[in-house]
Amino acid sequence: MSAVTFRPSGRYDPGLYEPGPNEPGPNEPGPNEPGPNEPGPTRRVWQAQEAASPRGMDRLRWAFSDVRVLTWRTLTRIATTPEQLLNVTVLPLVFVLLFSYVFNRAIVLPGHGNYRDYLIAGIFAVNMGGTAQGAAIGLAVDLSTGLIDRFRSLPMSRATVIVGRTLADLVTTLVAATVTVVSGLAVGWRIHAGLVGLLLALVLALLFAYSAAWAGACVGILARGPESAQAVGLTVIVPLSLTSNAFISTSSLPAGLRDIANWNPVSVLASACRQLLGNPDPAAAIHSWPMQHPELASALWSLTLLAVLAPLAVWLYVRRTRR
């Protein structure tokens, strides 16, 4: 290797440098340096990152994979804390038994229809709205325990965290629906419609439950802890359920309260399920658009809530996790 000559000041003098036989000249690129028509190191790194970044179907596939993992992670926690299922197993059973045997003769329907046939669709609708409570508490717990901070360090979309949470709560809601149907059949409730009506009622119920889960996600993100999320959830769900036709007919309510009850999404879903399942529905005689078209009104309620609450929940989540 040839010697390198320095000036007395200690600076390197390129004019005094003589390359060896196997070394590049002063104007020739080295083995690790780009040529005159080649991209520099920064350009090469950018190209490598661009080639490694997911595109199109890869991003979609990874997003579905993240949602699947996060949904399964939430569901597997039930194995270690099975008491989480109390609100979707014991509570629907208590509602069915309490109203079927305690309030059965105390509540008289217009037209003197079978109250148990009328009741089960109402409890079904209340359970669907209760999905918001589970989503709110679960997301508040994840935020308060620092789990979300770990998710932030992973190469994943932030929206998948909420999607996985809401889908897991939708699965647990199916448990509540199953308990309601089985206990209802045990006390004498019957379905007087075909398979198409049953499937359509199930689709409307699950659509409303999923929109309610996104509402709960917004509450869970805004709440300062699980206790606050539970308190806010009960403050919304209990009045929404009691000011509906889930347990009683709204025809005897005062005019103002009756109008609120007729537009209540729980009332709309309950009436839609009653008509689709062939059960008594006194609300069909009420001259109100949601009660005259409950299936369409329930679908519009659910889709509107999803269109508003899903982007809002993602925005709130991104805003909070940036702190």
Could you pull out all residues at least two apart from [X] that satisfy side chain to side chain donor-acceptor pair (under 3.5 Å)?
X: Tyr317; answer: none
X: Ser251; answer: Ser249
X: Asn262; answer: Thr250
X: Ser302; answer: none

Test side-chain contact (heavy atoms from CB on, under 4.5 Å) applied to Val88 - qualifying residues, sequence neighbours left out: Leu85, Val175, Ala176
N/O donor-acceptor pairs under 3.5 Å from side chains in residues 269-282, not counting sequence neighbours:
from	atom 1	to	atom 2	distance (Å)
Ser271	OG	Asn245	ND2	2.9
Ser271	OG	Ser267	O	3.1
Arg274	NE	Tyr118	O	2.9
Arg274	NH1	Asn245	O	3.2
Arg274	NH2	Tyr118	O	3.1
Arg274	NH2	Asn245	O	2.9
Arg274	NH2	Ala246	O	3.2
Gln275	NE2	Asp281	OD2	2.9
Asn279	OD1	Trp189	NE1	3.0
Asn279	ND2	Arg190	O	3.0

List for me each residue that meets ring pair (Phe, Tyr, Trp, His ring centres under 6.0 Å) alongside Phe103, sequence neighbours excluded, and say none if there are none. Phe99
Please table the atom pairs, donor to acceptor, closer than 3.5 Å between any side-chain atom in residues 120-132 and protein atoms at least two apart or in another chain.
from	atom 1	to	atom 2	distance (Å)
Asn127	ND2	Ile123	O	3.2
Asn127	ND2	Thr180	OG1	2.7
Thr131	OG1	Met128	O	2.8
Thr131	OG1	Thr173	OG1	2.8

Linking directly or through intermediates, with side-chain heavy atoms under 4.5 Å: list the remaining ILVMFWY members grouped with [X], chain and number order.
X: Val141; value: Ile137
X: Ile237; value: none
X: Trp263; value: Trp289, Leu296, Leu300

Could you pull out all residues at least two apart from Arg77 that satisfy salt bridge (Lys or Arg N to Asp or Glu O under 4.0 Å)? Asp142
How long is the gap from CG on Leu309 to SG on Cys218, to the nearest 0.5 Å? 5.0 Å
